[in-house]
Amino acid sequence: MGKITQTAGHDILGEFAPAFAHYNDDILFGENWNDTSITHKERCLLTVTALISTGITDNSLVYHMKNAKQAGVSQSEIAGAITHIAFYIGWPKAWAAFNIAKDIWNDKIPETTTNAQLDAKAQHEASMIFPIGEPNTEYAQYFSGQSYLYPVTQGELAVFNVTFEPGCKNNWHIHHADKGGGQLLICVGGHGYYQIWGEEKKPLNPGDSVIIPAGAKHWHGASENSWFSHLAIAIPGENVSTQWLEPVDK
């Protein structure tokens with residue numbers, strides 16, 4: 001393990017709180033994290049359990065859990081550690097920690113994901129009444145960028161909250177039906193667009209809705225600088241199907 005360096009304090013608070021920036025970067029993550037009295041892996045695991053014990057489940061815990069995984073803490077080790085401390089710190093804290101740990105050790109939060117990206121995602125989710133849900137892996141091949149899917153309802157009338165990271169959009173596609181059919185989109189967060197073939201793209205902001213007729217070639221997705229979520233509701237019809245086509249030109 002090479003020398004650990006940290007610049008977040010100076011980058012973010014250097015002018016506003018230079019003393020705190022110094023203690024954070026030079027003392028905590030400088031002298032303390034580079035002390036060799038315990039291994040780096042042990043230090044990572046101790047830090048994670050300390051944060052969980054105090055009830056911290058924000059991006060600082062995500063950051064240190066990613067560090068722990070990179071340091072070689074296995075899934076069974078993190079699960080064993082959280083299970084052990086649950087008896088001393090409380091079951092709800094352990095549940096909250098497990099929800100984060102599962103995403104990290106199952107690679108749902110990639111190691112390359114920055115805290116800024118996590119903050120933007122959390123802020124977007126907090127702006128809505130519907131959760132973002134899980135990564136939309138089943139349809140990932142039809143999206144340029146990362147999308148997420150949350151089933152609001154299932155069954156005869158399925159309603160999904162579809163979330164797009166900034167710049168993400170789905171391919172051109174057509175909802176076919178012999179009778180009825182089509183799709184209703186209701187924007188519930190962020191800023192995005194939809195476009196029907198042969199027409200100009202049109203904005204979608206929270207509260208906006210649009211009905212995409214059956215047979216219309218179209219796409220929808222986020223603007224370049226904003227997360228975007230819409231409810232997708234399939235309009236009932238006969239012999240309905242979706243035909244996925246080419247990606248949208250940027």
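Everything quoted here is computed from the prediction, not taken from an experiment.
With H22 as the partner, the side chain to side chain donor-acceptor pair (under 3.5 Å) test is satisfied by one option alone out of N24, D25, D26: D26. Screening W172, W219, F164 against F143 for a ring-ring contact (aromatic ring centres under 6.0 Å, His included) leaves a single residue, F164. Results of the side chain to side chain donor-acceptor pair (under 3.5 Å) test with H173 over E246, H218, Q243 single out H218 as the only residue that passes. I186 pairs in a side chain to side chain contact (heavy atoms under 4.5 Å, CB included) with only one of the listed residues (V159, N161, I233), which is I233.
Put simply, the side chain of R43 never gets that close to the backbone of T36: no donor and acceptor are under 3.5 Å apart. The backbone N or O of I82 lies less than 3.5 Å from no partner atom in the side chain of H84, so there is not a single donor-acceptor pair.
Here the closest non-hydrogen pair linking T83 and F87 is O-CD1, 3.3 Å. Nearest approach of C187 to P206, heavy atoms of both residues: SG-N, 3.3 Å. Annotation for C44 and W33: closest pair SG-CZ3, 3.8 Å, computed over non-hydrogen atoms. Of all non-hydrogen atoms in H40 and A71, the two that sit nearest each other are CD2-CB, 3.6 Å. S53 approaches I85 most closely through the heavy-atom pair OG-CD1, 4.3 Å. Nearest heavy atom pair, residue V48 against residue H64, reads CG2-O, 3.5 Å.
Using a 4.0 Å cut-off between a side-chain N of Lys or Arg and a carboxylate O of Asp or Glu, E77 and K69 do not qualify as a salt bridge. Ionic pairing of K102 and D107 is not present here: no N-O contact between side-chain nitrogen and carboxylate oxygen is shorter than 4.0 angstrom. The pair K121-E165 does not count as a salt bridge, with every side-chain nitrogen at least 4.0 angstrom from each carboxylate oxygen.
Between H175 and W244, the gap from one ring centroid to the other reaches at least 6.0 Å.
Interatomic distance, OG1 of T242 versus OH of Y142, reported as 10.0 Å (0.5 Å rounding). Separating the CD atom in Q183 from the CG atom in L231 is a distance of 10.5 Å, to the nearest 0.5 Å. For the atom pair CG (L46) and CD1 (I38), the distance works out to 5.0 Å, reported to the nearest 0.5 Å.
S226 has its side chain out of reach of P166: every pair of non-hydrogen atoms, C-beta onward, lies at least 4.5 Å apart.
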